[in-house]
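The next block holds one structure in the form of structure tokens; read it before the comments.
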Amino acid sequence: MNAVVRLNLDVEASEITSSLRIKRAAASLRELSKKFDRIVILSHRGRPNGVDKKLSLKPVVVELELKARRKISFLDGPLDKCLEQVLGKKGVYVLENTRFFAGENKNSASLARSFASFGDIFINDDFATAHRSQASNVGITSFLTSLQGPIVKEELEALKKIITKPARPFTLIVGGSKMSNKLPVIKNLLSKSDHVLLGGGVGNTALKADGYNVMDSIFEKDLLDEAEKLIGDPKVIYPSDFRVSKRQILDIGPNTSSAYVDIISASKTVVWAGPVGKFEKKPFSKGTESVARAIASTDCFSIAGGGETTSAIIAFGLEKKFSFLSTGGGAMLEFLAGKKLPALEALRIKYR
Ligand code: 3PG
Ligand code: MG
């Protein structure tokens, strides 16, 4: 049997060797390649407008091959020519960036049919793109029997625990640059949580809403009314001191850090999305590192997600101390906000 497998190889050039997504994709591939004669992998990378060689999957495939310990052939060029190269053959193949093909983002049925012609069954193992409706993850399910893969299954098991009945006290930590994409999650989880700790640009928006002079720091002007309502809830805590450079708040300060650490240490469930400071630039990694270390040393069910947050955790060497790291950024946020993810719905509709 031959499978078409959707994986997430959407990683920045600087992250290729350390990426959680590639590590997970490699593990999935090792498992799936025991079951199928031929696997053709579909993935996008970045947000190209047509072909953009900087966003080729070629360098990512080299890393995937190393980590999966499987020989992988790269398929480039028109789809009919790629198909000729695999028909009648066994092995593992990766097709060039799905977003190089016209119609991918519009969920084109004809592109989906072409993707489907590469196998007899479709396995979706890309949780991180499940909030997008594309030919390679939604359209294709109209043409092939379609199932969840192991990564998607694991993601859903972990994230459903948060949605259903998180052990209390439950602490939600929200950082990163924007409040707009995190607000639906905060709203959805507020009644289940005991504390919501803010940092990063999200914390700055809360501070600005409270009348604090945030100088030249990033914050979202359009969100000030929402932020004001949010900080009216005593569960929502925002920074009380900061590390500042060139008129910009770049990290939470030591008092905030120690208050956050105390709350985390008393928690039974922690969900973390978004670094609380500019962690990639020393010394502004201190707040994010203390949050990461507090979660790692607390006996709780802990989930972190989003590229920056998981990269920070991996860089601090704390990956194994978390219950689960999600490969999803936007997809994790939408799932935790209670939204339905189209690529998972497409699988469910068929198999309910
Ligand atoms: C992500 O990076 O969150 C996923 O790969 C989806 O990518 P997109 O936001 O470019 O659709
Ligand atoms: Mg991306």
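Throughout, residue positions are numbered sequentially from 1 according to the sequence presented. Counting convention: from 1, in listed order, for ligands and their atoms alike.
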Flag for R132-N137: side-chain donor and acceptor within less than 3.5 Å:
no
In this structure, OG1 of T310 is separated from NZ of K23 (nearest 0.5 Å) by 10.5 Å
Per residue D10, nearest N, O or S atom to the Mg ion (ligand 2) is named OD2
the protein heavy atom lying closest to atom 2 (O) of ligand 1 turns out to be D10 OD2, 2.8 Å
Worksheet entry | D241 and T256 side chains, donor-acceptor separation under 3.5 Å | yes
**Q.** Side-chain H-bond candidate by donor/acceptor type, Q248 with S217, under 3.5 Å
**A.** no
Between the side chains of R70 and S33, does any donor sit under 3.5 Å from an acceptor? yes
Looking only at non-hydrogen atoms, the one of R47, M332, R21 nearest atom 8 (P) of ligand 1 is R47
Original post:
Using a distance-only test with no angle check, is there a side-chain donor-acceptor pair under 3.5 angstrom linking N97 and H44?
Top reply: no
Min heavy-atom dist R99 to ligand 1 below 4.0 Å:
yes
So the atoms of ligand 1 within less than 4.0 Å of a heavy atom of N8 turn out to be 4 (C), 5 (O)
Residue, atom and distance of the protein heavy atom nearest atom 11 (O) of ligand 1 read R132 NE, 2.6 Å
shortest atom 7 (O) of ligand 1-to-protein heavy-atom contact is with H44 NE2, 3.2 Å
